[in-house]
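The block underneath contains the structure these notes are about, expressed in structure tokens.
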Amino acid sequence: MTDTHKLTEHSSFVAQAGSNGSAHTDRAAHPLRRSGDRPPPRATVSLVVPARNEARNIPWVFEQIPDCVDEVILVDGDSVDCTVHMATRCLPTVRHVEQSGPGKGNALRTGFLSATGDHIVMMDADGSMLPGEIPHYLHFLDNGFDFVKGSRFIAGGGSLDITRIRRLGNQVLLAAVNHLYDAKLTDLCYGFCAFRRDFLDDLDLHSSGFEIETEMIAHALRSGLRIAEVPSLELPRRSGRSNLHAISDGRRVLRTLLSERPGSRPATRAGGNPA
């Protein structure tokens with residue numbers, strides 16, 4: 001179930017089938033469908049956006065959020081600029097939540113617990129991720145996958161921002177994940193992800209910093225969730241300075257991988273049963 005290479009290939013097939021259109025609308029393809037049948041209700045979507053001093057970037061991000069998003073949660077990390085004010089001006093319906101402690105991981109965990117949607121999407125507030133890609137993530141959640149992660153290193157993806165040292169660090173840490181979990185992922189240190197809220201407990205998140213992105217993937221693999229990768233384009237930060245520190249945060253990611261490696265503690269399968 002965690003053979004991610006097969007799932008990724010299957011994901012590509014589903015996307016192609018979905019783009020055909022007729023597979024979903026041709027009545028001949030569903031000979032047993034009754035005239036009174038109704039399609040299942042659309043899953044609701046919560047978008048969690050952690051932010052700290054992102055007032056200049058919030059307008060660009062918020063104006064591109066697609067209509068398929070039902071709820072936007074801004075988790076403010078004690079900003080000293082007008083991040084919160086700007087967010088409410090750009091999107092009056094935004095839910096503002098104060099994080100309970102320092103770090104991106106804490107901000108995301110706070111936002112996840114506040115989310116009410118069936119699907120949860122997480123993305124940064126600095127303009128480096130395209131909100132227009134969100135429907136691609138939701139497509140795979142709606143078609144049987146439990147956890148969907150963006151990849152900058154598969155066909156259709158890319159990065160206009162990654163440095164040589166970040167690329168090298170990502171490759172080393174990615175190789176470790178693929179070795180430890182017998183997986184074939186193509187990207188690791190990239191925080192554009194989506195998952196079914198029903199599996200939040202299975203992800204069992206505790207990290208407080210940037211390493212939470214790795215913890216999520218490690219726990220998704222250990223829990224046997226169906227994982228899909230979708231191509232994503234990483235853009236340069238639009239304004240301001242990043243809170244990411246490649247060396248120190250890379251060490252924290254590595255420590256997380258070692259502490260969460262298979263056999264370090266009992267894994268839990270999706271649904272709460274021991275592996």
Side-chain angles (χ1 to χ4, degrees), residues 43-52 54 58 61-62 65-66 68-79 83-84 87 91 93-126 128-129 131 133-135 137-138 140-142 145-150 188-230 232 243-244 249 252-253 256 260 267-272:
T44 55
V45 179
S46 296
L47 175 62
V48 176
V49 184
R52 185 168 183 263
E54 300 287 4
I58 286 290
V61 174
F62 277 23
I65 295 175
C68 58
V69 173
D70 301 285
E71 174 184 61
V72 179
I73 300 174
L74 178 78
V75 187
D76 182 59
D78 198 24
S79 297
T83 292
V84 176
L91 186 65
T93 58
V94 67
R95 288 181 56 200
H96 166 226
V97 179
E98 293 285 350
Q99 66 183 89
S100 57
K104 182 178 182 179
N106 180 277
L108 286 172
R109 289 189 287 110
T110 300
F112 296 161
L113 291 175
S114 300
T116 62
D118 301 310
H119 299 336
I120 298 177
V121 183
M122 52 182 269
M123 66 177 299
D124 294 344
D126 60 3
S128 63
M129 301 168 182
E133 293 179 355
I134 291 176
Y137 290 72
L138 300 179
F140 294 108
L141 292 180
D142 288 335
F145 289 90
D146 309 312
F147 188 95
V148 184
K149 57 184 294 296
L188 180 67
C189 302
Y190 188 53
F192 202 167
C193 300
F195 59 93
R196 296 174 181 269
R197 186 165 62 93
D198 288 346
F199 292 113
L200 180 57
D201 289 342
D202 296 284
L203 292 176
D204 189 27
L205 303 174
H206 301 283
S207 295
S208 60
F210 283 91
E211 70 276 8
I212 192 172
E213 298 162 3
T214 300
E215 183 184 47
M216 292 179 71
I217 295 171
H219 288 186
L221 288 166
R222 288 181 53 170
S223 298
L225 301 189
R226 287 172 54 86
I227 300 173
E229 289 188 308
V230 297
S232 182
N243 296 312
L244 174 68
D249 287 318
R252 294 183 65 163
V253 170
T256 298
E260 300 294 337
T268 301
R269 288 291 180 186

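Residues take their numbers from the sequence shown, with the count starting at 1.
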Report yes or no: does D124 contribute a side-chain atom to a donor-acceptor pair with the main-chain N or O of D126 at less than 3.5 Å?
no
Please assess R196 against D146 for the test salt bridge (Lys or Arg N to Asp or Glu O under 4.0 Å), listing each intermediate value before the final yes or no.
CA-CA 6 Å; R196 296 174 181 269; D146 309 312; 3.6 Å; yes
Shortest non-hydrogen contact from A194 toward L141:
CB-CD1, 3.9 Å
Close side-chain approach of E133 and M123, heavy atoms under 4.5 Å:
no
For a 4.5 angstrom cut-off between non-hydrogen side-chain atoms, does K104 reach E211?
no
Show your working on side-chain contact (heavy atoms from CB on, under 4.5 Å) between F62 and V94 and close with a plain yes or no.
CA-CA 10 Å; F62 277 23; V94 67; 4.0 Å; yes
Shortest non-hydrogen contact between I58 and A125, atoms and distance
CD1-CB, 3.9 Å
Is any side-chain heavy atom of V148 closer than 4.5 Å to one of I227?
no
What closest approach, in Å, do P66 and P131 show between heavy atoms, and which atom pair accounts for it?
CD-O, 3.4 Å
Look at the side chain of R109 and the backbone N and O of S208, then say whether any donor-acceptor pair between them is shorter than 3.5 Å.
no
Measuring from R222:CZ to D204:CG, what's the distance to the nearest 0.5 Å?
8.5 Å
Once you round to the nearest 0.5 Å, how far does CD1 of I120 lie from CZ of F199?
12.5 Å
Assess whether side-chain hydrogen bond (donor to acceptor under 3.5 Å, both in side chains) is satisfied between D70 and T44, documenting all intermediate values.
CA-CA 6 Å; D70 301 285; T44 55; 5.0 Å; no
Quick one: does any side-chain atom of N106 pair with a main-chain N or O of S100 as donor and acceptor, under 3.5 Å?
yes
Write down the atom of F112, the atom of V48, and the distance for their closest heavy-atom approach.
CD2-CG2, 4.0 Å
I want to check something: taking the side chain as every heavy atom from C-beta on, are E71 and T116 in contact at a cut-off of under 4.5 Å?
yes
Quick one: does S46's side chain have a donor or acceptor within less than 3.5 Å of a partner on A115's backbone?
no
Does L47 reach the side chain of I73, with side-chain heavy atoms less than 4.5 Å apart?
no
Test S207 against E215 for side-chain hydrogen bond (donor to acceptor under 3.5 Å, both in side chains), laying out the working first.
CA-CA 7 Å; S207 295; E215 183 184 47; 3.1 Å; yes
Whether F145 and F140 hold their rings parallel, tilted or perpendicular, with breakpoints at 30° and 60°:
perpendicular
Within this structure, what is the CD-OH distance for the pair E213 and Y190, rounded to the nearest 0.5 Å?
10.0 Å
To the nearest 0.5 Å, atom CG of L113 lies from atom OG1 of T110 at 7.0 Å
4.5 Å side-chain heavy-atom contact, L138 and V45
yes
Inter-residue atom distance I217.CD1 - L188.CG, 0.5 Å rounding
5.0 Å
Geometric class of the Y137/F192 ring pair [parallel <30°, tilted 30-60°, perpendicular >60°]:
parallel
Would you mind reporting whether L74 and R95 have side-chain heavy atoms less than 4.5 Å apart?
no
Do any N or O atoms from the side chain of S223 and from the backbone of H219 form a donor-acceptor pair under 3.5 angstrom?
yes
Do any N or O atoms from the side chain of R197 and from the backbone of H119 form a donor-acceptor pair under 3.5 angstrom?
no
Side-chain heavy atoms of T83 within contact of R52, under 4.5 Å:
no
Looking at every heavy atom in both I134 and C68, which two are closest together, and how far apart are they?
CG2-SG, 4.3 Å
V75 versus A107, closest heavy-atom pair with distance
CG1-O, 3.4 Å
At what distance, to the nearest 0.5 angstrom, does CD of E98 lie from OG of S114?
11.0 Å
